[in-house]
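Down below is the structure, laid out as structure tokens.
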Amino acid sequence: QVQLVESGGGLVQAGGSLRLSCAASGRTFSIYVMGWFRQAPGKEREFVAAVNRSGGSTRYADSVKGRFTISRDNAGNTMNLQMNSLKPEDTAVYYCAADPTSRSITTLNPSYWGQGTQVTVSS
């Protein structure tokens, strides 16, 4: 029903910036709560950020607060994650995710996932 494709990953030095994008298929993008997750080698997948349907409310993991900014463009069926002041511990595969049923960004349980994009931060 929904396809998500991430882009923008790559290699960046510590302290640098990177912008991830997620392109969604279909015409119902605006009804989904959207978010980003990441998974580092040997680690469990963890929540990074979420944005509500209108884009007016956001939530972040403590580890990225003040450094990452999530946004969405419903007209363009896209979601973005601006990552600044990157640290080596940010290295992970980042996944775009969509939740078709959540009423709040505090209860994000994605049903759709992208393939992931690798972010590597060197020291």
Side-chain angles (χ1 to χ4, degrees):
Q1 184 175 344
V2 176
Q3 290 185 335
L4 305 172
V5 180
E6 304 95 335
S7 62
L11 175 64
V12 65
Q13 293 183 344
S17 298
L18 207 59
R19 180 175 177 268
L20 304 183
S21 295
C22 174
S25 65
R27 300 183 179 93
T28 58
F29 177 73
S30 63
I31 73 172
Y32 300 117
V33 172
M34 301 292 295
W36 290 94
F37 291 74
R38 67 186 182 186
Q39 187 167 24
K43 298 290 186 179
E44 298 180 13
R45 188 172 298 184
E46 65 176 352
F47 167 78
V48 175
V51 59
N52 72 344
R53 298 176 181 183
S54 69
S57 296
T58 58
R59 179 169 66 93
Y60 300 92
D62 289 342
S63 59
V64 306
K65 285 181 179 178
R67 299 188 297 118
F68 290 10
T69 302
I70 188 172
S71 62
R72 68 190 297 164
D73 176 7
N74 288 341
N77 280 16
T78 57
M79 178 181 64
N80 303 114
L81 185 68
Q82 178 65 46
M83 304 183 293
N84 299 324
S85 301
L86 283 163
K87 305 175 181 179
E89 49 262 46
D90 294 320
T91 295
V93 176
Y94 284 70
Y95 296 92
C96 174
D99 186 341
T101 61
S102 179
R103 297 179 179 179
S104 171
I105 57 175
T106 63
T107 56
L108 181 63
N109 295 299
S111 296
Y112 302 100
W113 298 86
Q115 294 297 306
T117 185
Q118 177 70 49
V119 172
T120 302
V121 184
S122 62
S123 60

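Hydrophobic clustering of Ile, Leu, Val, Met, Phe, Trp and Tyr side chains at less than 4.5 Å, counting indirect connections, keeps Tyr112 apart from Phe47. Both Met83 and Met79 are part of a single hydrophobic cluster, where members link through side-chain heavy atoms under 4.5 Å apart. Linking Ile, Leu, Val, Met, Phe, Trp and Tyr residues whenever their side-chain heavy atoms come within less than 4.5 Å leaves Trp36 and Val33 in two separate clusters. By the criterion of side-chain heavy atoms lying less than 4.5 angstrom apart, applied directly or through intervening Ile, Leu, Val, Met, Phe, Trp or Tyr residues, Val2 is not grouped with Phe37; the two fall into different hydrophobic clusters. Each of Ile105 and Val48 belongs to its own hydrophobic cluster when Ile, Leu, Val, Met, Phe, Trp and Tyr are linked at side-chain heavy-atom distances under 4.5 angstrom.
With values rounded to the nearest 0.5 angstrom, Gln3 atom CD is found 11.5 Å from Cys22 atom SG. Taken to the nearest 0.5 Å, the CD atom of Gln115 stands 13.5 Å off from the OG atom of Ser7. Interatomic distance, Leu11 CG to Gln118 CD, rounded to the nearest 0.5 Å: 9.5 Å.
In this structure, the side chain of Ser21 does not engage the main chain of Asn80 through any donor-acceptor pair within 3.5 Å. With hydrogens and angles disregarded, no donor-acceptor distance shorter than 3.5 Å links the side chain of Asn77 to the backbone of Ala23. With hydrogens and angles ignored, the 3.5 Å screen pairs no side-chain donor or acceptor of Asp90 with any backbone N or O of Ala14. Judged purely by atom type and a 3.5 angstrom limit, Thr117 has no side-chain atom pairing as donor or acceptor with the backbone of Glu6. The backbone N or O of Gln82 lies less than 3.5 Å from no partner atom in the side chain of Arg19, so there is not a single donor-acceptor pair. The backbone N or O of Ile70 sits less than 3.5 Å from a side-chain atom of Tyr60, completing a donor-acceptor pair. Put simply, the side chain of Arg72 gets close to the backbone of Asn52: a donor and an acceptor are under 3.5 Å apart.
The shortest distance between side-chain heavy atoms of Gln13 and Ser122 falls below 4.5 Å.
Salt bridge Asp62/Lys65: present, at least one basic N to carboxylate O contact under 4.0 Å.
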| Step-by-step side chain to side chain contact (heavy atoms under 4.5 Å, CB included) determination, Tyr32 to Ser111 | CA-CA 10 Å; Tyr32 300 117; Ser111 296; over 6 Å; no

| task | Would you please test Phe68 and Leu20 for side chain to side chain contact (heavy atoms under 4.5 Å, CB included) and show each step? | result | CA-CA 11 Å; Phe68 290 10; Leu20 304 183; over 6 Å; no

| request: Walk me through it: do Met34 and Leu4 pass the test side chain to side chain contact (heavy atoms under 4.5 Å, CB included)? | output: CA-CA 11 Å; Met34 301 292 295; Leu4 305 172; 4.1 Å; yes

| request: Verify side chain to side chain contact (heavy atoms under 4.5 Å, CB included) between Arg38 and Val119, making sure each step is shown before the conclusion. | output: CA-CA 9 Å; Arg38 67 186 182 186; Val119 172; over 6 Å; no

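If you check the side chains of Thr107 and Ser102, you find a donor sitting under 3.5 Å from an acceptor.
The shortest heavy-atom contact between Val51 and Thr58 is CG2-CG2, 4.1 Å. Of all non-hydrogen atoms in Ala92 and Ala40, the two that sit nearest each other are CB-N, 3.8 Å. Between Arg59 and Thr106 the shortest heavy-atom distance is NE-CA, 3.7 Å. Across all their heavy atoms, Ala50 and Leu108 have their closest contact at CB-CD2, 3.9 Å. Residues Gly8 and Leu18 come closest through the heavy atom pair O-CG, 3.5 Å.
Under a cut-off of 6.0 angstrom, the local environment of CD in Glu46 is crowded, with over 12 non-hydrogen atoms contributed by other residues, nucleotides or ligands. More than 12 heavy atoms of other residues, nucleotides or ligands sit less than 6.0 Å from atom CD of Glu89.
Ring-plane geometry between Tyr95 and Trp113 is classed as perpendicular, the angle between the planes exceeding 60 degrees on a 0 to 90 degree scale with a lower cut at 30.
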